[in-house]
Amino acid sequence: MSLNSIFQYFVPKDKKVFFPLFEQAASNVVAMATVLVEAVNNNNAATREELFKQIDKLENKGDDITHQVYLELGKNFITPFDREDIHALASAIDDVADNIQGSANRMMLYHVEEITEPIRKLSDLILQASIDLEKAVRELKDLRNVRAIADSCIRINSIENQADYVFDRAVADLFLYEKDALKVIKHKEILAALETATDMCEDAANVMESILVKNA
Amino acid sequence: MSLNSIFQYFVPKDKKVFFPLFEQAASNVVAMATVLVEAVNNNNAATREELFKQIDKLENKGDDITHQVYLELGKNFITPFDREDIHALASAIDDVADNIQGSANRMMLYHVEEITEPIRKLSDLILQASIDLEKAVRELKDLRNVRAIADSCIRINSIENQADYVFDRAVADLFLYEKDALKVIKHKEILAALETATDMCEDAANVMESILVKNA
Amino acid sequence: MSLNSIFQYFVPKDKKVFFPLFEQAASNVVAMATVLVEAVNNNNAATREELFKQIDKLENKGDDITHQVYLELGKNFITPFDREDIHALASAIDDVADNIQGSANRMMLYHVEEITEPIRKLSDLILQASIDLEKAVRELKDLRNVRAIADSCIRINSIENQADYVFDRAVADLFLYEKDALKVIKHKEILAALETATDMCEDAANVMESILVKNA
């Protein structure tokens, strides 16, 4: 229990500033993941490239939101949680956005023509994890529904496990069936970027779990 | 010095709950590493597969222990350390277990027939680091033998450095002597998973060092 | 606001111990990055090897400084920041040094004859980030020039983004123009090590930003 949490009982919490920003950042991640799923399910390479570029723009928007959180942290003395937790949560959501954009970017840069089943599955899992991330972030503002936050975090962990499994299976299949080493490397890199995006969702969930145990 | 550490002087610490769980989690990691070493030293592929499956089961057991720590954190107001440190330590030990299982899993999935010398060396280093991890965790409950904890952490760091060296050397040798690019990729991935398991031991050691400096 | 920061108003801060050590560690990282840039711009393989070995020696020196910080943390009760932040900052600077040495080491071990343009660019970015790291660390001791620290951290973030871009572009070019899969893997590994060094600079910047928001 930190001094901050004691202050919470006496001082009106400055929730009006941080929570809307967190919610915007999480919604932006959901938007990015939605476009990603749309892209990997589209058979037209040109349309896919358009959608990947849309992800780029959303990522820039996300950067602006993160930057605003940092600016507010410099101004507001009383914060709803410990200052370092607000910083950590904003960074963690930003990392999810970075890695979705990174995955899309690799698919563009490596000129991948064939979107495979595991790429689609991992993109779906990223979207699912993002939706739970947004849910948890929305509940964070009153901490009354601790159960709902914890449940979302548990689901994100389970999604990350599934992503691990899909990734491992997909790489094993590359080794079994693909004889072109360069193609193996290329696809492994793209699958790894997608899988890392779910890792980052788990990191964000860990930050929220840590906020829960601190403020329980 | 946090409020928690002040409270420690007035309130009986709830050590009966958390320390047995940490010790179980650490012992489970040692059990996993022991089976791993046994597996990579066995020439029979079928027996190896049996042992790798045993690692899977132990990992599930570890997950249950981690989950129990989180549940207790939700119930107990006074914790022996800051709540977030208990959360961090449980997560760190869980990460070690995940990565030992991940290494075993890759060896199974990639159908690696030939267990090489660096695979055996890295497995040995994982076991050594796990044993020191367990030692440090056992000493954590009274913090009287701070020296012993610090020494284990230093040894874990040195083991991780050795693992880095074995990994780098092994990958360099793959580049020098193995002309089949697919085999190079496959072995590099397995070596990387094993090396990451020692990184996770170092992360767990870092959490304990951080607990030490906070509660010194 | 932690108890430590309250104590800061009453107790003379023990800055004489920690800040000179942080400055030494950061200067050592700048020295390592300077030698790295010199090495990758030298066409003579033997001279390059000599310079890479110099990086090894500097890394050992850095380890000694980190170790001293940990020792002092064990002795000093009143620290200028929360004890865990001092630990985190020392570890983060140490990680930068480890990764510069790791990059140099891979270039030696893999017998890379041809130093490519992206290797040179990434080395330049590491040097730039290191210089900003040192600047920020020097300002940390009085926290009067919070703006200067924040600016250095923002620049480090932007350098890391540039490094990401150079890395992604370089790997994409390897896939496009290099048909030897083993050479692709080798160069990808070296580029990844260099890029990770800039990630570690960003991690160190994150620790400093977190110290700023805690002590603002």
Side-chain angles (χ1 to χ4, degrees), chain A residues 1-7 11 18 56 59-60 63 66-67 69-79 81-92 94-95 98-99 101-112 178-190 192-193 207, chain C residues 1-7 81-82 84-85 88-89 143 146-147 149-151 153-154 157-158 160-161 163-189 191-192 195 199 202-203 205-216:
Chain A
M1 182 160 172
S2 65
L3 278 184
N4 257 342
S5 18
I6 295 182
F7 283 153
V11 195
F18 291 106
D56 259 7
E59 200 265 337
N60 286 338
D63 278 345
T66 312
H67 187 60
V69 173
Y70 295 165
L71 281 180
E72 290 298 334
L73 265 179
K75 285 193 254 167
N76 285 281
F77 185 64
I78 302 297
T79 55
F81 305 122
D82 283 348
R83 312 175 71 77
E84 61 270 32
D85 289 333
I86 292 182
H87 190 268
L89 183 55
S91 306
D94 194 55
D95 286 343
D98 279 359
N99 277 282
Q101 192 251 343
S103 308
N105 201 31
R106 282 190 189 181
M107 286 190 259
M108 263 199 294
L109 275 172
Y110 300 175
H111 302 287
V112 174
E178 178 61 61
K179 293 303 156 211
D180 176 353
L182 281 169
K183 217 169 159 188
V184 169
I185 307 173
K186 215 189 259 192
H187 272 269
K188 200 166 69 59
E189 286 306 299
I190 290 163
V207 173
Chain C
M1 181 160 172
S2 65
L3 279 183
N4 257 343
S5 18
I6 294 183
F7 283 153
F81 305 122
D82 284 347
E84 62 270 33
D85 288 333
L89 183 56
L143 280 184
V146 166
R147 192 69 256 150
I149 305 174
D151 283 348
C153 291
I154 289 167
N157 270 277
S158 141
E160 195 276 327
N161 280 343
D164 266 354
Y165 180 84
V166 173
F167 173 77
D168 283 338
R169 191 68 264 168
V171 173
D173 284 349
L174 282 172
F175 287 136
L176 272 181
Y177 305 116
E178 178 61 61
K179 293 303 156 212
D180 176 354
L182 281 169
K183 216 169 158 189
V184 169
I185 308 172
K186 214 188 260 191
H187 272 268
K188 200 167 68 60
E189 286 305 301
L191 295 166
E195 201 276 321
D199 287 344
E202 195 182 19
D203 278 4
N206 285 342
V207 172
M208 285 190 281
E209 279 180 342
S210 166
I211 289 174
L212 283 193
V213 296
K214 256 167 126 173
N215 296 275

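Naming convention: chains lettered A, B, ... in sequence-line order (proteins, then strands); numbering from 1 in each chain.
Minimum interatomic distance between A:Leu182 and C:Lys179 (heavy atoms only, all atoms of both residues): CD1-O, 3.6 Å. Here the closest non-hydrogen pair linking A:Ile185 and C:Ala181 is CD1-O, 4.1 Å. Taking both residues in full, the closest heavy atoms of A:Glu84 and C:Ser210 are given as CB-OG, 3.8 Å, listed atom of the first, atom of the second, then distance. When every heavy atom of C:Phe167 is checked against every heavy atom of A:Arg106, the shortest pair comes out as CE2-NH2, 4.2 Å. Listed here is the closest heavy atom pair of C:Val171 and A:Tyr110: CG1-OH, 3.4 Å.
Considering NE2 of A:His87 and CD1 of C:Ile211, their distance stands at 11.0 Å, rounded to 0.5 Å. Put simply, CG on A:Asp98 and CG on C:Asn161 are 7.0 Å apart, with the number rounded to the nearest 0.5 Å. Rounding to the nearest 0.5 Å places CZ of C:Phe175 at 11.5 Å from NE2 of A:His111.
Neither the backbone nor the side chain of C:Leu174 has a heavy atom closer than 4.5 Å to any heavy atom of chain A.
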